[in-house]
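None of the values given here were measured: they were computed from a predicted structure. Chain letters run A, B, ... following the sequence lines, proteins first and then strands; every chain starts at 1.
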Protein chains: 2
Amino acid sequence: MISAVKRFLIGRPLKSSALGEQKLNKTKALAILSSDALSSVAYGPEQVLLVLMTVSTIAFWYSIPIAVGVLILLFALILSYRQIIFAYPQGGGAYIVSKENLGENAGLIAGGSLLVDYILTVAVSVSAGTDAITSAIPSLHEHNVVIASVLVVLITILNLRGLTESASILAYPVYLFVLALFVLIGVGFFHIITGNASPELHAPLGTPVTGISLFLILRAFASGSSALTGVEAISNAIPNFNHPAPKNAAKTLAIMGSLLAVMLVGIVFLAYYYGIVPKGEETVVSQIAAVTFGRNFIYYFIQGTTALILVLAANTGYSAFPLLAFNLSKDKYIPSMFKMRGDRLGYSNGIITLGITSILLIIIFEGQTEQLIPLYAVGVFIPFTLSQTGMLVKWFREKPKNWVGKLLINFVGAIISFTVMMIFFITKFGQVWAVLIFIPVLIFIFHKIKNHYESVGEQLSVSNNSPIKPIEGNVIIVPVAGITHVVENSLNYAKSLNPKQILAVYVAFDREDEKRLAEKWSKWQPDVRLVTLYSQYRSINYPLSKFISKVENKAYESSYTVTVLIPQFIPKKGWHNILHNQSSLLIKTILLYRKDVIVTTVPYHFKK
Amino acid sequence: MISAVKRFLIGRPLKSSALGEQKLNKTKALAILSSDALSSVAYGPEQVLLVLMTVSTIAFWYSIPIAVGVLILLFALILSYRQIIFAYPQGGGAYIVSKENLGENAGLIAGGSLLVDYILTVAVSVSAGTDAITSAIPSLHEHNVVIASVLVVLITILNLRGLTESASILAYPVYLFVLALFVLIGVGFFHIITGNASPELHAPLGTPVTGISLFLILRAFASGSSALTGVEAISNAIPNFNHPAPKNAAKTLAIMGSLLAVMLVGIVFLAYYYGIVPKGEETVVSQIAAVTFGRNFIYYFIQGTTALILVLAANTGYSAFPLLAFNLSKDKYIPSMFKMRGDRLGYSNGIITLGITSILLIIIFEGQTEQLIPLYAVGVFIPFTLSQTGMLVKWFREKPKNWVGKLLINFVGAIISFTVMMIFFITKFGQVWAVLIFIPVLIFIFHKIKNHYESVGEQLSVSNNSPIKPIEGNVIIVPVAGITHVVENSLNYAKSLNPKQILAVYVAFDREDEKRLAEKWSKWQPDVRLVTLYSQYRSINYPLSKFISKVENKAYESSYTVTVLIPQFIPKKGWHNILHNQSSLLIKTILLYRKDVIVTTVPYHFKK
């Protein structure tokens, strides 16, 4: 039943050899890896205006130089990640770049913040998308949490089905969103050029503003740079690209950067030219669209694709998280289950973990995860800073051709990233302090796990361990519940193993019973020694455990192993299980975990 | 940790030999077994007046002859159950009496309805008690379900601690309630005798009433007889009494009957004489108390003990349910776990089942379980009728001394019980129809379970089964995950068992890996044959299962057994488990349940 549902939801299993087929071409890669970055256009410019508005609407002209600043940062990031793509063709996320160039802990800081960040990506994007949907259909508003959770479940299922298939589905909305915004920006500029928009709506560039400060401008710049979250997704996912992967990835990155730049500048400029003021109940993009087209079909098209891409931006998390988890798992910092490919060749455990944790975040924050945006942005700029610093160190160490130019690019990127990160910490400490707690905790856990795996590896290694003590003989203990066909079966098997001794053990709850069984036994199996234990407390486990320990100690002296042979009923139908106490299951678990004995289960399958 | 909490809540385990100490003396037995019956006084009379009120308050004088009728029924039931106590000193509930005299299915009808009824007792009584508490403290009213559930949990824990201990706690409220009602009735009659109460408050006996019908009177009588629920508890619990159990039980029954009779008649008469009219917001007992004493300390004492005894009435269910379940389990109609005594010698599984199901009822009905009273009453009168008919048959068959007199008593009892039951079905079908569905379903399940146990018994019996085929040799399959110390350990053990053949099996996910391991293996363990299986779908279970089946078929031909020897890591700390995929656990379960192979687990305890 369960496996049929699984088949229906995620499709038939794929052969391992089908792995190549799941690779991405550039068109699909752009759609699947850039929705997060591109969708940030929907809220990035608004964040800038919201900060500037605290002074005066006259200050809005500063959004133009700020946008230029963000563009420079974007440009620096793109160039830097381009360099990373070629330097790390196996997939070079901030984790790998930082680890290799700055050391283990820098890598873990980057990896840990990204891991958490991808969860935030999913929660924040889906919540924002849900808000957009329920703003359009207000009657659904009270079901925000349910809708967001269902969306996460759907995205999770799509990802469990496999990357390429989901890419086909996800490609359309992303391209429609790009189309929608290009139409908006194009028509907007056409209006401006043809003089259809009055220049009196905005203060000219350079108008002096009282109360403006460098601190405020930097804060607005930091807010605007939240539009750059998601830029690093491509460099993380290089192994997913078609051959030649680094080249294709670099091209995709360049296209994404250009699209993002055009859309960002276009929206910021239109907002400035039209004198748009952020409102609580209507987004900046919506206001621009309404001014440009009025509330007609095109307006709803723009709003619809915006909502859709916000939901799909979550998908970036689904591409990046499992790969990062795979890398961390390969280095033994997180459980090895994240290394395994599922039926459809995706890293299912990472996908499922991401789905569950982001649903938990949505439920805990009751769908109001927008408050997490600063936390999310800071979690992105920590790895940005680390990976660019890492590249810096790399160029300096390796000194390849043109290394000074390369170093300069990464140097500028690192400085800007670090500045943005510090501005977040200084201006929004109340919202981002949690990072300073959870990252050290995560790193502590990472090390704990690695230590465990390493000590296990040592204990497993053949060469590290002294050769095993030879076994001189076996003692077999058979707990029996009476004189039955099942016991006969088990004793038969025990005898065939050629043991030094077989001990049948019976736990009696009253003396009468104890005597009766001993008498019967001596007639039935005179050659097998029966030990009866009297239990004062109606517990089978306690006297049995005590007895086994005693035998174990004696056996150890003569280099004998002790095997406990447990007969187990297997009922024909599942519901029959509740009719049997299955004390054998309990005994087995206790023995395995507490004692150093071998446990053999002799199944007895009931025929009816 | 869990076991420490368990110790604290239910106390240290008791030795089986301490069983005698847990027996009840008459004083405690009265308290523990009669709270259900006695507490019905709190609502029985009210039920009668509620029916009569549908005609006119003049009809209230009929409550006197109806009370006399209920008294006769009570008297007949007490006499009948007295006879049952002596005829069935091992505990003769309706289940046993009906089964022995009327046959299996009659017994199961009685047993099934009682089983459900005890659950209803707990749910109904605790809910009513909670209502009484939250009527006194209205601010708690919205937490009714939580309070009722907590009360059930508390009663469950008390019962898990053991019967006598809980009896000491429960004795006081019961006796305080009896004291409170006797004071109320005594002072009430004193007022009447001294002429402090006006006789004009009520219509004299015999006043003609228009609109009254036999049907209505019978319905009022049926409602009044809901005060008799719980009467059979004592005869069910005879084994719990001090020696001589039957005599002590009979005396306790007589005392309970007398107390119930006095309280019932007293309340009915006072209600009639004072002309009390039932009100939604105040109970009849409360009104009588208010008229007699005014709302002073004594009034609150009466109300408080009433609330308390209603909650404790649930305890009757806790005494009777586990014993009935024990009897049904002994006869193999319900799972054998109900036969086992827990740490404190009570039938813990019955106690826990009762607690959980009644909490479920409380949650499902949101604490409004009063609607279940007719269902509950009908569920009581079905076994009443059956057990009295059973006694009838018994006397007729056995014809002991004075059998005609004995037969007459049970005959009257049977007729009245049957009539009451039929009146319930006729006048309140809408509330009791569910009985007609769940009892047949229960009986079907009972038979299904018994059939299973019987077929298991046959399959287990040594004499019923052909002797077991001799084992000619063993084939041992060792699934290996690589060349490790753990595998070495397992192979060592396998070799010591003197098998015909050892097959190491390795499941590879790629051809490269497969080849590499085979090469290494031939150097490491040249004398152990390695079989490598290539898995196209990254599943270990599927190829392994297929391979084992193949070996199994071959082995079967030569009368060999197949043993699968699985190395299992046992991490030192619990949290380490999530770091290992523990595929061995999964493999073990699949093999045990699907195949006819013996599974041996060789534990490898990690040292760090």
Side-chain angles (χ1 to χ4, degrees), chain A residues 13-17 335-337 340-341 343 449 452-453 455-456 459-462 464-465 468 470-471 473-474 483-486 488-489 492-493 496-498 509-510 524 535-539 561 563 568-570 576 578-581 592-593 596-603 605-608, chain B residues 13-17 335-337 340-341 343 449 452-453 455-456 459-462 464-465 468 470-471 473-474 483-486 488-489 492-493 496-498 509-510 524 535-539 561 563 568-570 576 578-581 592-593 596-603 605-608:
Chain A
L14 294 177
K15 291 187 181 174
S16 306
S17 53
S336 56
M337 61 173 179
M340 295 193 303
R341 287 185 187 273
D343 280 350
I449 292 177
H452 173 73
Y453 278 125
S455 95
V456 165
Q459 292 176 69
L460 287 184
S461 138
V462 180
N464 265 358
N465 288 277
I468 287 161
I471 297 173
N474 293 296
I483 292 175
T484 68
H485 195 58
V486 176
E488 196 182 344
N489 188 41
N492 230 15
Y493 175 69
S496 79
L497 296 180
N498 194 32
F509 295 152
D510 67 73
W524 185 54
S535 169
Q536 292 187 312
Y537 294 97
R538 300 162 309 289
S539 153
T561 63
T563 302
Q568 181 167 341
F569 305 151
I570 312 292
H576 290 162
I578 54 160
L579 301 180
H580 301 284
N581 299 327
L592 265 180
Y593 281 81
D596 204 10
V597 295
I598 291 153
V599 179
T600 294
T601 314
V602 185
H605 291 263
F606 284 133
K607 280 167 202 78
K608 43 188 180 181
Chain B
L14 294 176
K15 292 188 180 174
S16 306
S17 53
S336 57
M337 62 173 177
M340 295 193 304
R341 287 184 188 274
D343 280 350
I449 291 177
H452 172 73
Y453 278 126
S455 94
V456 165
Q459 291 177 71
L460 287 184
S461 139
V462 180
N464 266 358
N465 287 277
I468 287 163
I471 297 173
N474 293 297
I483 292 176
T484 68
H485 195 59
V486 176
E488 194 181 348
N489 188 40
N492 228 17
Y493 175 69
S496 80
L497 296 179
N498 195 33
F509 295 152
D510 66 73
W524 186 53
S535 171
Q536 290 188 313
Y537 294 95
R538 299 162 308 291
S539 153
T561 62
T563 303
Q568 180 167 339
F569 305 149
I570 313 291
H576 290 162
I578 55 161
L579 302 182
H580 301 283
N581 300 326
L592 265 180
Y593 281 81
D596 206 12
V597 294
I598 292 155
V599 178
T600 295
T601 314
V602 185
H605 292 263
F606 284 134
K607 280 166 203 78
K608 43 189 179 175

Quick one: which of A:Val486, A:Asp510, A:Asn492 has the most heavy-atom pairs under 4.5 Å with chain B, could you say?
A:Asn492
Note, A:Ser461 side chain near B:Thr484 side chain (heavy atom, < 4.5 Å):
no
Which residues share a side chain to side chain donor-acceptor pair (under 3.5 Å) with A:Thr601, sequence neighbours left out:
none
Could you tell me which non-hydrogen atom of B:Gln459 sits nearest to which non-hydrogen atom of A:His485, and how far apart they are?
O-CB, 3.5 Å
So, taking the atom named CG in A:Leu497 and the one named CD1 in B:Ile471, what distance separates them when rounded to the nearest 0.5 Å?
8.0 Å
Looking only at heavy atoms and a cut-off of under 4.5 Å, which of A:Val456, A:Thr563, A:Val602 has the most pairs with chain B?
A:Val456
Side chain to side chain donor-acceptor pair (under 3.5 Å) partners of A:Asn474, counting only residues at least two apart
A:Thr561, B:Ser496
